[in-house]
Amino acid sequence: MVVPTRQTVEILQLFSLMMDSEAHEKRKSDLVLTTAKHDYKPYAVTVGSGKHYICGYFAAFTNIAITFPIQKVLFRQQLYGVRTRDAVRQLQTDGIRNLYRGILPPLMQKTTTLALMFGLYEDFSSLLLRHTNSPEVVTRSVAAILAGTTEALLTPFERVQTLLQDYKHHDRFTNTFQAFKVLRPYGIREYYRGLVPILLRNGPSNALFFGLRSPIKQCLPEAKTYSANLINDFICGGLLGAMLGFLFFPINVVKARMQSQIGGEFISFGKVLMIIWTERDGKLTHLFRGAHLNYHRSILSWGIINATYELLLKVL
């Protein structure tokens, strides 16, 4: 039997230590790769930061301050089916003091709504992309619909805005808080009168807006300067807003009629639509009365919103 020398034993021990060290390093390397493999997806898609909410808020604020008088003319046409010049005469009769009457509810509602629209869309998109394997276009459409449905929680603001803009209620209350107070005895359901048309409008319009925004911008001439990019954002937002405003105009007509009522029976969306259809002689052109003004207002309004939003995203 051969007895190993002391030197041989030391060499074997050293070789064993080297092998153990290599195995340990391999295990560490495998662990890092495994961790990276499992962690890659969450880091590839992260929940959006709060800046999307902030940008949406200030984009809406800028838009409301500029376009509120136009919106008021449009509302009178939707509610009473009058011509543009007649609606303008009504505002002239009301006087300059009442021109911005009712601006607080849309200011509160639109700023919050658009903050939720842009912010929740980004957050829902990130969460759904992380946890589902559906095609991205489907996932983002669902995220847009969920954001629009969440916006409907702010229906009371839209409800009060309708009442304040209707001249028939001028003598009943003079400000936003008084209007909320008048509705209180009727219960929480009265605040949400007109919820169905809002749900029918918000989800689909959000899905179309976010789904078509990038393709439309890609069709525009390439922007090589900062100002050209801003103009492209304005055109993209304006075209989308005008298209969607026209498409969902009849729904807004029904919503305005439903929300102009205080108390009484809650009539269904379909019945209110048929009442308006009968009142306007069963003519589609009469149902779309005011749509041309809404088209031009939407170009300006959504152009401002989209351009301001994209500008603030770059600044913040």
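Everything quoted here is computed from the prediction, not taken from an experiment.
Taking the charged nitrogens against the carboxylate oxygens, Arg189 and Glu265 have no contact shorter than 4.0 Å, which rules out a salt bridge. A salt bridge links Glu279 to Arg257: at least one charged side-chain nitrogen sits closer than 4.0 Å to a carboxylate oxygen. With respect to Asp86 and Arg83, no salt bridge is recorded, no charged nitrogen being found less than 4.0 Å from a carboxylate O. Using a 4.0 Å cut-off between charged nitrogen and carboxylate oxygen, Arg213 and Glu310 count as a salt-bridge pair.
Under a 4.5 Å side-chain heavy-atom cut-off, the cluster of Ile, Leu, Val, Met, Phe, Trp and Tyr residues that includes Ile198 has no other member. Connectivity analysis of hydrophobic side chains (ILVMFWY, heavy atoms under 4.5 Å, direct or indirect) links Leu312 to Ile54, Tyr57, Phe58, Leu316. Through direct or relayed side-chain contacts under 4.5 Å between Ile, Leu, Val, Met, Phe, Trp and Tyr, Ile299 connects to Tyr295.
At distances below 3.5 Å, not a single donor-acceptor pair connects side-chain atoms of His52 with backbone N or O atoms of Gly119. Of the possible polar contacts, none joining the Glu151 side chain to the Leu116 backbone as a donor-acceptor pair under 3.5 Å is found. Checked by atom type and distance alone, the side chain of Thr67 never pairs as donor or acceptor with a backbone atom of Ile70 at under 3.5 Å. Of the possible donor and acceptor atoms, none in the side chain of Asn306 sits under 3.5 Å from a partner among the backbone N and O of Cys236. Formation of a donor-acceptor pair under 3.5 Å by the Asn206 side chain with backbone atoms of Ile145 is not found in this model. Of the possible polar contacts, none joining the Thr308 side chain to the Ile305 backbone as a donor-acceptor pair under 3.5 Å is found. When atom types are taken as modelled, the side chain of His286 and the backbone of Gly282 share no donor-acceptor pair closer than 3.5 angstrom. Here the side chain of Tyr191 pairs a donor or acceptor atom with the backbone of Arg184 at under 3.5 angstrom.
The number of heavy atoms from other shown groups lying within 6.0 Å of NE2 (His292) is above 12. Lys283 NZ: 12 or fewer foreign heavy atoms inside a 6.0 Å radius. Crowding of Tyr192 atom OH: a count of heavy atoms from other residues, nucleotides or ligands under 6.0 Å exceeding 12. The number of heavy atoms from other shown groups lying within 6.0 Å of CZ (Phe177) does not exceed 12.
Of all heavy-atom pairs spanning Thr176 and Leu164, the tightest one is OG1-CD1, 3.7 Å. Nearest heavy-atom pair across Ser298 and Gly245 is OG-CA, 4.3 Å. Considering all non-hydrogen atoms of both residues, Asp233 and Ala307 come closest at CB-CA, 3.9 Å. Of all heavy-atom pairs between Leu287 and Pro250, the closest is CD2-CB, 4.1 Å. Heavy-atom minimum distance, Asp166 versus Ser260: OD2-CB, 4.0 Å. Nearest heavy-atom pair, Gln165 versus Arg76, reported as atom, atom and distance to 0.1 Å: O-NE, 3.0 Å.
Cation-pi geometry between Arg140 and Phe210 is not met at under 6.0 angstrom from the ring centre and within 45 degrees of the axis.
Classification of the Phe118-Phe209 ring pair by plane angle, with boundaries at 30° and 60°, yields perpendicular.
Under 3.5 Å, the side chains of Gln259 and Arg193 contain no donor-acceptor pair of N or O atoms. Of the N and O atoms on the side chains of Asn63 and Tyr309, not one donor lies less than 3.5 Å from an acceptor on the other residue. At a cut-off of 3.5 Å, with distance as the only test, a side-chain donor of Thr113 or Gln109 sits close to an acceptor on the other residue.
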Steps toward side chain to side chain contact (heavy atoms under 4.5 Å, CB included) verdict (Leu220, Ile235): CA-CA 9 Å; Leu220 297 174; Ile235 294 172; 4.1 Å; yes
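Aromatic ring centroids of Tyr100 and Phe68 lie under 6.0 Å apart. Not less than 6.0 angstrom separates the ring centroid of Phe234 from the ring centroid of Trp302.
Residue Leu247 is grouped with residue Leu273 when hydrophobic side chains (ILVMFWY) are merged at heavy-atom distances under 4.5 angstrom, including chains of intermediate members.
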